[in-house]
Each structure stands twice: as C-alpha cells, then as structure tokens.
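If you're wondering where the values come from, they're calculated on a predicted model, not measured in any experiment. Counting starts at 1 for both ligands and their atoms, following the listed order.
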Amino acid sequence: MKEVDDILQVRNLRTYFRTDNGLVRAVDRISLGVRRGETVGIVGESGCGKSVTALSIMNLVRPPGRIVAGQILYRSGDGSTTDIAKLHPNGRQMRSLRGNNIAMIFQEPMTALTPVYSIGDQIAEGVMLHKKLTRRQARERAIEILGKVGIPSPEKRIDDYPHQFSGGMRQRAMIAMALSCEPEVVIADEPTTALDVTIEAQILRLMKEMQSQLDLSIIMITHDLGVIAEMADRVNVMYTGKIVEHAQTDDIFYNPKHPYTLGLLQSIPTIGDKRRLTPIRGAVPNLLTLPEDVCYFAPRCPYAMEICAQAEPPMYQVGTAHQCKCWLYEGNEVVAV
Ligand code: SF4
C-alpha cells in the first residue's frame, strides 16, 4: 500500500480510557489507510474498539478516554497534511476539519439528531458555519441535499422535526447532514443497524451513489459481514482493540487467514446451506483484565498453541496486500510488531 495515495493514514494509534477500575486499551496500536474514493471496512464484534477508532479519527474522544499515542494524518486536497491526533478537540482547526472535511454518520439518528430543532435547521447550521452561506442560501442547500438523499418533497419536509421522520428517513437525513458540506471522508458507524433489511439496502445504495458522485472516501464500521461484502474495497478485522487481519474484501471472504475472521465467517448463515452454524466459543474478554504480551484470541481459538499464551504475535505479510496477526504464519515477513 503506497501511503502517498492515502487521504487518511492512522499510524500506531492508541486510545485508552483511565477508569476507576483500571486502564482500558480500547484502541491499541492500530494502523490503517484510506485512499481517495474507496471504502475501507472495519469489522468485529461489539466491544472490539471499532467505534472508539471512529471517535478518535473525529477527535471526539472525551475523558476518561484519551488518544495517548499515534498519528491520524489527514491529507487535504491542496496536498497539506494535518495530524488530527495533535489538534485540540475543541480548537479552531479541528472544528473547521470536523464536518467540513471529515464527517460522521452515527449509528442511531434519533439520538444523534437534536429533537428540538427542525431537520432543515440542523443541516443549515453546519453549512452556514463551514461554507459561510447566508441563512437563506443554507436553507436552499439543505433542500437540495435532502432531495439528493431521496426525501420526498424536501421543500416541505425541511421544517419537520426528527420525530416526524420514519427511521429510514432519519438515517437519510443523517447522511444529508454528513454530506451537506461536501466532505472528503465520511465515517459511517453502523449506519444501517437500526433499520430493516429493505431500508438497509436503500441506504447502502444511496451511500454508493453519493460516493461516486462526490468521490468520497468512506470508512464503514459494522459488525455485519453482509454490509462489508456489499460496500468495502478493503477490510480491517478488529479484535480487542487491535487489527488482526487486513486484506482486500475478496480475500477476507474467500481466503481468510486469521482464526477470528474464520470464526466470524462460519457463524453467518448462507441461504440454501443446511449445515449447522459454528459460533465462536466464549465472548470478547473484559478489556480491563487483559494480560499483556499474549494473543487475546487464544482462549477462544481452536488453533491456539503454547506460544499464543506467552507472546503477542506480530503482523505478518500473508499475501499481496494481505496481513494477519497470528503465530500460525510465523516465518512470513513481519510488517508490524
Ligand atoms: Fe489462535 Fe494463536 Fe493465532 Fe491467536 S496467535 S489466533 S491463539 S493461533
């Protein structure tokens, strides 16, 4: 992967939460890149650090959480590079980047949208702030973008409040809000989890259309491998705050290497396949009580060896643009420790 192509580079990022009960390493030395116009997936079970990764990139982690190390390099259209991890979360530069260059679609629009402001006012606020438009121009922009995301009669619905929209329409409004300032990167955190399957298909199609119209880069965060198959060009599989496998989407589905990825794939049903599903045994461990320098997947892994409980595996190169953090590939080139 050539870094020069990347609009966003996350390098060795660590985001920790210092709680009364101990230190939680929610994101622990992860690295990933996003190129212009591509969709990069982050997949894993709940509690593996996906959403904290998204909040870190948006510089929205709040105490007791903190980005303690690493870089989040954003390369803007003029070629300049900014390390988001070094910006003050509420500083002028970060507020200008957030929403304008990098935007986020949240998981649950009913809680992300403010109930006491109309949908139109919530979209117009960001446009006025970032694009320096008048209230009237911002309203016209809000109507235009609501129309683009498929809200019928946007000139009438613009004055509705969030509770007057259906679940699918609220998610469309969230997408409209995220795209209203024409960002270059959109982070979508489980954007379809709360929706039924037909609305999910519509929202994913809409995101693809918007991506090709605006040359957007998307980070798609989900626990749903079906969404990943539909949307992502490349995939990062996360477990206990670490990326354990990275590959092109086809390789993740047809040539998975990490036992955790295999477990995820074996636990999803396929139409017409009558074999019993094989769930991953056990559960994601409590991040508060993790020992250091072991493979955290070892208690659940059917291939665990002695070394897995004694040392953390490095990231090995296991194919073209395919990396895996597992002792099974000892002997391959080490790309990260
Ligand atoms: Fe399983 Fe060991 Fe690989 Fe961890 S390092 S996934 S325990 S084989």
Considering only distance and modelled atom types, tabulate donor-acceptor pairs under 3.5 Å from the side chains of residues 169-182, sequence neighbours left out.
residue, atom, partner, partner atom, Å
R170, NH1, P162, O, 3.2
R170, NH1, F165, O, 2.7
Q171, NE2, P191, O, 2.5
R172, NH1, V149, O, 2.6
R172, NH2, Q202, OE1, 2.9
S180, OG, M177, O, 2.8

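- The main-chain N or O of D121 is found under 3.5 Å from a side-chain atom of S118 such that the two form a donor-acceptor pair.
- No path of Ile, Leu, Val, Met, Phe, Trp and Tyr side chains, each step under 4.5 Å between heavy atoms, connects M128 with I119, placing them in separate hydrophobic clusters.
- Ring-plane geometry between Y239 and F297 is classed as perpendicular, the angle between the planes exceeding 60 degrees on a 0 to 90 degree scale with a lower cut at 30.
- In summary, the side chains of T198 and D196 do present a donor paired with an acceptor at a separation below 3.5 Å, with no hydrogens or angles considered.
- Atoms of the protein (N, O or S only) found under 2.8 Å from atom 1 (Fe) of ligand 1 are C301 SG.
- Using modelled atom types and a 3.5 Å distance limit, the side chains of T19 and N21 yield no donor-acceptor pair.
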